[in-house]
S.K.: 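Dropping a structure here in structure tokens format, bear with me for questions.
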Amino acid sequence: MSRYSRQEKLFGAEGQRKLSEAAVSVAGCGGLGNYVSLLLASAGVGKIRLADYGVPSESDLNRQFFYSGRKGFKTDILAERLRELRPDMEIEKFQGFIDENNVSEALGECDVIADCMDSIASRLVLNSYAASKNIPLAHGGIDGFYGQATFVVPGKTPCLRCILRESNSSIPDSFAPVVSIVASVQASDIVKHITGTGETTAGKLFTMFAGTNEYGTVTINRDPDCPVCGRSGPSR
Ligand SMILES: [Zn+2]
């Protein structure tokens with residue numbers, strides 16, 4: 001039995017091979033980044049690039065389990081933990097705060113970007129870059145019991161700029177079960193996209209509210225005036 005025998009029927013040997021050759025950049029190594037990278041590594045993705053600027057604080061540990069008992073930069077600790085999990089996986093790191101000037105260097109060569117950031121401003125930097133390079137972007141976000149995710153395919157679906165609005169600088173409450181569900185939707189979308197299996201959340205927004213057990217998807221529409229993907233945007 002191979003390591004992936006329990007999932008190979010879902011994706012086929014060819015799908016599993018595609019995963020082994022795929023590179024995913026995980027932007028942000030907080031709660032979402034911990035789970036997304038764990039799930040992608042476990043699924044057999046060939047290369048993961050981790051990008052983050054921070055070090056873990058005590059208040060991160062209710063959801064960023066990989067950092068318990070470790071000191072150092074999040075990218076270094078996470079890379080070490082993922083290496084223990086998947087010694088055969090290639091891991092790259094970018095240490096720094098992602099902005100429009102370094103986003104290309106931060107994300108490197110990749111097939112998909114996982115948006116695991118914690119601010120709208122940073123997400124929009126990823127969104128513009130993904131649109132300009134035609135790279136799919138798996139978005140996830142949480143705020144307390146609320147979570148959302150969508151898979152942005154440049155040229156085909158609305159982009160994040162179409163659905164995200166003004167930045168809210170307050171620090172959201174963060175509850176591991178919500179983080180893990182949203183990250184699971186992101187990882188599931190990424191694996192399905194790479195293997196060509198099933199449907200991603202492309203063109204839809206997955207939303208959940210754990211407080212009252214409401215889970216579902218709604219169709220999202222392109223903002224015709226979107227400066228990134230609308231009529232007036234650079235990609236149209
Ligand atoms: Zn847009």
Side-chain angles (χ1 to χ4, degrees), residues 15-56 60 64-67 70 72-119 121-141 149-154 160 179 182-195 200:
Q16 195 63 48
R17 187 190 60 75
K18 286 179 180 169
L19 276 177
S20 74
E21 293 175 353
V24 180
S25 286
V26 178
C29 297
L32 292 171
N34 267 236
Y35 283 106
V36 166
S37 58
L38 164 68
L39 293 170
L40 293 178
S42 302
V45 163
K47 183 170 97 174
I48 288 183
R49 186 176 176 92
L50 304 168
D52 197 287
Y53 65 94
V55 297
D60 291 335
Q64 300 177 28
F65 307 126
F66 273 138
Y67 303 138
R70 307 280 179 117
F73 288 113
K74 289 184 176 182
T75 48
D76 289 337
I77 304 169
L78 191 50
E80 194 181 309
R81 304 299 294 259
L82 294 174
R83 217 164 265 131
E84 290 167 9
L85 198 75
R86 275 276 315 283
D88 62 315
M89 184 174 69
E90 197 179 334
I91 303 174
E92 294 180 348
K93 297 180 285 187
F94 173 83
Q95 179 64 45
F97 186 88
I98 301 173
D99 60 27
E100 57 269 22
N101 298 315
N102 65 17
V103 61
S104 173
E105 184 196 353
L107 302 179
E109 291 286 321
C110 63
D111 302 302
V112 187
I113 299 164
D115 164 22
C116 301
M117 307 294 276
D118 58 3
S119 80
S122 297
R123 296 178 191 288
L124 292 178
V125 169
L126 297 184
N127 181 62
S128 295
Y129 179 74
S132 72
K133 298 291 181 185
N134 202 27
I135 302 171
L137 176 70
H139 159 75
T150 188
F151 195 71
V152 178
V153 182
L160 284 190
V179 177
V182 170
S184 292
V185 174
Q186 291 176 275
S188 173
D189 272 351
I190 292 168
V191 170
K192 285 184 288 185
H193 169 76
I194 292 169
T195 60
T200 66

S.K.: Under the salt bridge (charged side-chain N to carboxylate O under 4.0 Å, His left out) rule, what pairs show up with a residue in residues 28-39, not counting sequence neighbours?
M.R.: none
S.K.: Which pair of heavy atoms, one from Pro56 and one from Ile77, lies closest together, and at what distance?
M.R.: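 Looks like CG-CD1, 3.8 Å.
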S.K.: Over all heavy atoms of both residues, which pair between Ala43 and Leu19 is shortest? Give the atoms and the distance, please.
M.R.: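 For Ala43 versus Leu19, the nearest heavy atoms are O-CD1, 3.5 Å.
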S.K.: Any side-chain heavy atom of Val182 sitting closer than 4.5 Å to one from Tyr35?
M.R.: no
S.K.: Test your reading of the model: is there a side-chain donor-acceptor pair from Gln186 to the backbone of Ala149, 3.5 Å cut-off?
M.R.: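 Side chain of Gln186 to backbone of Ala149, a donor-acceptor pair under 3.5 Å: no, none is there.
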S.K.: In sequence, state the C-alpha distance, the side-chain angles, and the governing distance for Glu90 and Glu92, and then conclude on side-chain contact (heavy atoms from CB on, under 4.5 Å).
M.R.: CA-CA 7 Å; Glu90 197 179 334; Glu92 294 180 348; 3.8 Å; yes
S.K.: Once you measure the plane-to-plane angle for His193 and Phe151, does it fall in the parallel (<30°), tilted (30-60°) or perpendicular (>60°) bin?
M.R.: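 The arrangement is tilted - the two ring planes meet at 30° to 60°.
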S.K.: If every non-hydrogen atom of Tyr53 is compared with every non-hydrogen atom of Gln95, which pair is closest and at what distance?
M.R.: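 In this case the closest contact between Tyr53 and Gln95 is O-NE2, 3.0 Å.
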S.K.: Got Val185 and Thr150 here, is their nearest side-chain heavy-atom distance under 4.5 Å?
M.R.: no
S.K.: Tell me every residue that passes side-chain contact (heavy atoms from CB on, under 4.5 Å) with Arg17, counting only those two or more places apart in sequence or in another chain.
M.R.: Glu14, Ser20, Glu21
S.K.: Is there a donor-acceptor pair under 3.5 Å between the side chain of Gln64 and the backbone N or O of Gly30?
M.R.: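 The answer is no, because no donor-acceptor pair under 3.5 Å joins these two groups.
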S.K.: Any salt bridge linking Arg70 with Glu84? Criterion: basic side-chain nitrogen under 4.0 Å from a carboxylate oxygen.
M.R.: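 Salt bridge flag = yes for Glu84 with Arg70.
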S.K.: Please check: side-chain N/O of Asn102 versus main-chain N/O of Phe97, any donor-acceptor pairing under 3.5 Å?
M.R.: yes
S.K.: Looking only at heavy atoms, which two atoms of Leu82 and Met89 are closest? And how far apart?
M.R.: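 Nearest pair, atom of Leu82 first, then Met89: CB-CE, 4.0 Å.
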S.K.: If you compare all heavy atoms of Ala79 against all heavy atoms of Leu50, which two are closest, and at what distance to 0.1 Å?
M.R.: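 Closest pair (atom of Ala79, atom of Leu50, distance): N-CD1, 3.6 Å.
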S.K.: Please report the closest heavy-atom contact between Ala22 and Asp111, naming both atoms and the distance.
M.R.: CA-OD2, 3.4 Å
S.K.: Find out whether Arg49 and Val24 are in side-chain contact, i.e. whether some heavy atom of one side chain is under 4.5 Å from a heavy atom of the other.
M.R.: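 Contact flag for Arg49/Val24 side chains = no.
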S.K.: Pair Leu78, Tyr67 - check side-chain contact (heavy atoms from CB on, under 4.5 Å), show working.
M.R.: CA-CA 7 Å; Leu78 191 50; Tyr67 303 138; 3.8 Å; yes
S.K.: Are Glu109 and Ser25 packed together at the side-chain level, in the sense that at least one heavy-atom pair is separated by less than 4.5 angstrom?
M.R.: no
S.K.: Quick check for you: to the nearest 0.5 Å, what is the distance between Ser128 atom OG and Lys133 atom NZ?
M.R.: 13.0 Å
S.K.: Walk me through it: do Cys110 and Lys47 pass the test side-chain contact (heavy atoms from CB on, under 4.5 Å)?
M.R.: CA-CA 9 Å; Cys110 63; Lys47 183 170 97 174; over 6 Å; no
S.K.: To the nearest 0.5 Å, what is the distance between CG on Leu38 and CD1 on Ile48?
M.R.: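 It comes to 9.0 Å.
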S.K.: Can you find a pair of side-chain heavy atoms, one from Ile135 and one from Pro154, that are under 4.5 Å apart?
M.R.: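 Of all side-chain heavy-atom pairs linking Pro154 with Ile135, none is under 4.5 Å.
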S.K.: Mind checking the SG-CG spacing from Cys29 to Asp60? Nearest 0.5 Å is all I need.
M.R.: 11.5 Å
S.K.: Measuring from atom NZ of Lys192 to atom OG1 of Thr200, what distance do you get when rounded to the nearest 0.5 angstrom?
M.R.: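 Spacing of NZ (Lys192) from OG1 (Thr200) equals 6.5 Å.
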S.K.: For the pair Asp52 and Lys74, find out whether any cationic side-chain nitrogen is under 4.0 Å from an anionic carboxylate oxygen.
M.R.: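 Judged by the 4.0 Å cut-off on N to carboxylate O distance, Asp52 and Lys74 do not form a salt bridge.
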S.K.: Set out, in order, the CA-CA distance, both residues' side-chain angles and the distance that settles side-chain contact (heavy atoms from CB on, under 4.5 Å) for Asn127 and Arg123, then state yes or no.
M.R.: CA-CA 6 Å; Asn127 181 62; Arg123 296 178 191 288; over 6 Å; no
S.K.: Backbone N or O of Asn34 within a donor-acceptor pair of the Ser37 side chain at under 3.5 Å?
M.R.: yes
S.K.: Go through the structure and list residues passing side-chain contact (heavy atoms from CB on, under 4.5 Å) with Ala27, not counting sequence neighbours.
M.R.: Ile98, Leu107, Met117, Leu126
